[in-house]
There are 2 protein chains.
Amino acid sequence: MARGFVTAEEVAKRAGVSRSAVSRTFTPGASVSQAVRRKVLKAARELGYRVNRLAQGLNNDRSNLIGVVGANLSTPFHAKQLDLLSIGLLRRGLQCLLLNAADARKDIAPLIELLFEFRAQAIIVLSGDPPESIVDQCIANGVRLILINQKIDRTDTSMVLSDDSRGADLAALRLIEARCKKVAVISSGSQTPAQVRRTTAFKQKMATAGVEVVAWSGGTTSYESGYQAGCELLVDEAIDGAFCVTDLLALGFLDAARTEMHRRVPADLSVVGFDDIPQAGWKSYELTTVAQSFSALTERVLEALEADEMETRLQVVPVAMVERKTARR
Amino acid sequence: MARGFVTAEEVAKRAGVSRSAVSRTFTPGASVSQAVRRKVLKAARELGYRVNRLAQGLNNDRSNLIGVVGANLSTPFHAKQLDLLSIGLLRRGLQCLLLNAADARKDIAPLIELLFEFRAQAIIVLSGDPPESIVDQCIANGVRLILINQKIDRTDTSMVLSDDSRGADLAALRLIEARCKKVAVISSGSQTPAQVRRTTAFKQKMATAGVEVVAWSGGTTSYESGYQAGCELLVDEAIDGAFCVTDLLALGFLDAARTEMHRRVPADLSVVGFDDIPQAGWKSYELTTVAQSFSALTERVLEALEADEMETRLQVVPVAMVERKTARR
DNA sequence: CAAAAAAATGCACACGTGCTCAATGCTTTA
DNA sequence: TAAAGCATTGAGCACGTGTGCATTTTTTTG
């Protein structure tokens with residue numbers, strides 16, 4: 001057998017029919033007789049014929065490709081999200097063209113431009129915010145743009161995001177319930193919009209409740225940063241509560257508190273996280289945290305993808321407190 | 001501006017040149033005068049022109065797409081691997097078409113066939129083993145197939161895998177060094193080839209050393225399975241060592257041992273894992289484990305991708321013991 | 001300045017597919 | 001049986017691009 005793929009032409013020749021017949025056989029709803037269909041399918045099977053989707057896409061200008069751009073994909077949060085998303089896309093007959101932006105936030109602009117070249121039907125941004133000009137190009141080219149946990153001030157873009165401020169409020173209320181007198185709020189140095197929203201909402205709620213808040217931020221959104229935060233903050237013995245805007249930070253913080261700074265949790269210190277990644281439920285942590293609904297998030301994203309018109313631009317997904325063992329009752 | 005993308009034709013018209021000139025402007029090494037090039041670039045910029053890669057791929061039969069198929073992508077191990085892989089592909093100018101096989105092992109055959117339709121240049125399989133017939137089709141169509149941590153008995157396929165049996169030996173030696181008298185070996189019920197290799201090599205090594213081994217396997221490759229294994233196995237008080245063929249299992253096992261079964265690690269019980277996922281280094285665990293080199297694995301994969309001929313089919317990546325605190329000295 | 005060499009340019013084809021349109025064959029109706 | 005209706009079929013165009021080939025323009029050489 002010659003190198004390369006079999007074309008519809010060759011199948012047609014072998015089956016003794018026209019190329020049109022082959023095309024019709026593989027096009028649902030087209031008009032072909034049973035006899036011809038059978039001959040074509042037989043020949044196709046023998047030759048190992050596969051429709052060429054590139055040619056298909058070129059023709060009817062539907063590539064079936066959905067661009068997914070993100071960064072830090074090994075982070076439990078993003079990994080979980082990508083996992084569900086890629087399954088959902090496949091289930092709906094869409095293909096997932098994944099572009100990983102290494103780390104820098106500003107890398108995503110060229111990646112989106114690359115997706116234009118592949119005529120992606122839609123682009124899903126997992127993290128990082130696209131510059132204004134890119135958004136313009138998307139609508140100019142008729143490419144749907146969907147941002148996850150990212151809010152920009154435009155009405156022509158779909159955004160799906162968890163209710164960060166509500167979640168931060170829940171966290172605040174929980175720490176107040178734990179009778180904390182002085183609490184820390186920990187975020188990473190990358191200052192993603194989601195983290196900023198959580199931080200400010202938390203501060204505000206605590207301010208109205210008259211609880212003292214110290215803010216810490218630094219490093220990447222990682223276990224290590226949380227650990228570092230714990231080591232630096234907990235030299236202050238007055239701190240008896242902490243809200244980590246990300247579970248990963250919270251787990252690092254917890255370990256620092258227990259191992260390095262000798263705090264008993266939740267007796268001496270109450271800790272609340274955000275995300276509810278799988279590790280938060282592990283026995284060594286049992287972190288009390290604000291859960292994002294991964295499934296609801298991806299469900300909304302897929303809906304936004306299929307909606308004929310972008311009737312609802314902004315989808316806010318509710319969050320829920322999951323009670324475990326790191327906050328005092 | 002009209003809906004849809006700008007074509008080279010339109011750019012040519014605006015720049016007052018032929019379409020060929022446009023094509024050549026964007027083809028490195030083609031012959032165009034500076035004057036024309038400038039005019040074309042100007043027009044392209046104004047119109048927002050992007051080369052259509054689908055058409056490009058159709059023409060010269062290089063799609064630039066690399067298919068990546070896998071399952072359980074939110075697992076720390078696979079997530080890390082996918083992260084590095086997607087970055088590496090992008091860096092080499094290749095695009096990553098990701099197909100997530102939900103969970104079933106047998107789902108990957110249709111996914112690979114789907115990749116044929118997109119004329120993927122190569123297919124990287126992260127997990128699950130492709131049936132013989134699929135492999136045949138790959139070589140028939142000139143699609144390079146690369147399996148990670150999967151070994152099949154063929155000489156026409158690239159395989160990149162960690163040195164499982166060596167790793168299992170290291171684990172065995174370490175538990176012998178810890179003076180264990182009766183050890184457990186824990187694997188998941190899915191019985192992936194990698195897990196089988198590790199289990200059998202471990203058993204064999206222990207047998208020659210005259211140490212009693214009990215094998216446990218069940219559930220999925222998850223924290224929960226490890227936890228369950230711990231609860232079930234450790235009712236036997238004689239067990240003083242365990243080799244979990246995956247870190248995820250090991251972490252669950254550890255938590256069960258400490259929390260539920262009240263063992264002191266490593267005083268009463270030595271535990272060794274395999275993989276060295278990020279969580280293994282967290283302070284609550286500090287798992288002694290056999291490290292796979294993620295970077296080396298992906299490096300070999302990318303090399304196999306670019307190699308002109310598949311000169312080296314089988315790449316075995318060395319593993320290394322990382323000493324932490326769950327095995328007695 | 002003339003001739004030769006080199007560079008630049010446009011035309012036309014190929015890539016593999018879906019779909020329209022006219023033509024053909026088959027079935028139903030009067 | 002003839003006419004009319006309908007399902008089936010094949011030819012040909014369009015999609016957007018890269019490139020070989022012949023032609024024209026520019027540069028270099030003697």
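Throughout, protein chains are lettered first and strands after them, A, B, ... in sequence-line order, and every chain is numbered starting at 1.
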> Atom CD of A:Glu9 to atom P of D:dG12: distance rounded to whole Å?
Replying inline: 13 Å

>> Could you check whether any side-chain N or O of B:Thr75 sits under 3.5 Å from a backbone N or O of B:His78, counting only pairs where one atom can act as donor and the other as acceptor?
In response: no

>> Given the structure, check if the side chain of B:Arg24 and the base of C:dG10 hold any donor-acceptor pair shorter than 3.5 Å.
In response: yes

> Knowing that exactly one of A:Val22, A:Leu41, A:Val17 qualifies, which makes a side chain to side chain contact (heavy atoms under 4.5 Å, CB included) with A:Val11?
Replying inline: A:Val22

> Which nucleotide in the list D:dG16, D:dT17, D:dA11 gets nearest to the side chain of A:Leu58?
Replying inline: D:dG16

>> Here's a test of your reading of the structure: between B:Val32 and B:Arg119, which maps to the more 5' nucleotide of DNA chain C?
In response: B:Val32

> Taking atom types as they are modelled, is there a donor-acceptor pair under 3.5 Å from the base of D:dG18 to the side chain of B:Arg19?
Replying inline: yes

> Over how many whole Å does the gap from B:Asn59 atom CG to D:dG16 atom P extend?
Replying inline: 14 Å

Side-chain atoms of residues 57-70 of chain B: list all donor-acceptor pairs with protein atoms under 3.5 Å, sequence neighbours left out, distances to 0.1 Å.
residue, atom, partner, partner atom, Å
B:Asn60, OD1, B:Arg62, N, 3.4
B:Ser63, OG, B:Leu65, N, 3.2
B:Ser63, OG, B:Arg119, O, 2.6

>> As a test of reading the structure: which of C:dT9, C:dG16, D:dT17 is closest to the side chain of B:Val36, going by heavy atoms?
In response: C:dT9

> Hey, does A:Asn52 reach any base, or is it just sugar-phosphate, or nothing, if we go heavy atoms under 4.0 Å?
Replying inline: sugar-phosphate

> Which whole-number value in Å describes the distance from B:Arg62 CZ to C:dA14 P?
Replying inline: 23 Å

> Within the structure shown, what part of the strands sits under 4.0 Å from B:Thr27 by heavy-atom distance: base, sugar-phosphate, or nothing?
Replying inline: sugar-phosphate

> Which nucleotide in the set C:dG10, C:dA7, C:dC19 lies at the smallest distance from any side-chain heavy atom of B:Ser20?
Replying inline: C:dG10

>> Can you tell me how far apart CZ (B:Arg197) and OG (B:Ser162) are? Round to the nearest 0.5 Å.
In response: 9.0 Å

> Is the distance from OP1 or OP2 of C:dA7 to the nearest side-chain N or O of B:Ser31 less than 4.0 Å?
Replying inline: no

>> For residues 28-45 of chain A, which residue pairs pass the side-chain hydrogen bond (donor to acceptor under 3.5 Å, both in side chains) check, not counting sequence neighbours?
In response: A:Lys42-A:Glu46

>> If you compare every side-chain N and O of B:Ser33 against the phosphate oxygens of C:dA8 (OP1, OP2), does one of them come in below 4.0 Å?
In response: no

> For B:Asp61 and D:dT17, what is the distance between atoms CG and C1' respectively, to the nearest whole Å?
Replying inline: 14 Å

> Which whole-number value in Å describes the distance from B:Phe118 CZ to C:dG16 P?
Replying inline: 17 Å

>> Can you tell me which nucleotide in D:dT19, C:dG18, C:dT9 comes closest to the side chain of A:Gln56?
In response: C:dG18

> Between C:dA7, C:dT17, D:dG10, which nucleotide gets closest to the side-chain atoms of A:Tyr49?
Replying inline: C:dT17

>> Distance criterion of 3.5 Å, no angle test: do you see the side chain of B:Ser18 paired donor-to-acceptor with the base of C:dC11?
In response: no

>> Starting the side chain at C-beta, find the nucleotide from C:dA12, D:dT9, D:dG16 nearest to B:Thr7.
In response: D:dG16

> Starting at CZ of A:Phe26 and ending at C1' of C:dG16, how long is that distance when rounded to a whole Å?
Replying inline: 14 Å

> Rounding to a whole Å, what distance do you find between A:Gln34:CD and D:dT9:P?
Replying inline: 10 Å

>> Using 0.5 Å steps for rounding, measure from the CD atom of B:Gln292 to the CG atom of B:Asp164.
In response: 6.5 Å

>> What is the distance, to the nearest angstrom, from the CZ atom on B:Phe116 to the C1' atom on C:dG16?
In response: 18 Å

>> Please classify the nucleic acid contact of A:Arg50 as base, sugar-phosphate, or nothing, using heavy-atom distances under 4.0 Å.
In response: sugar-phosphate

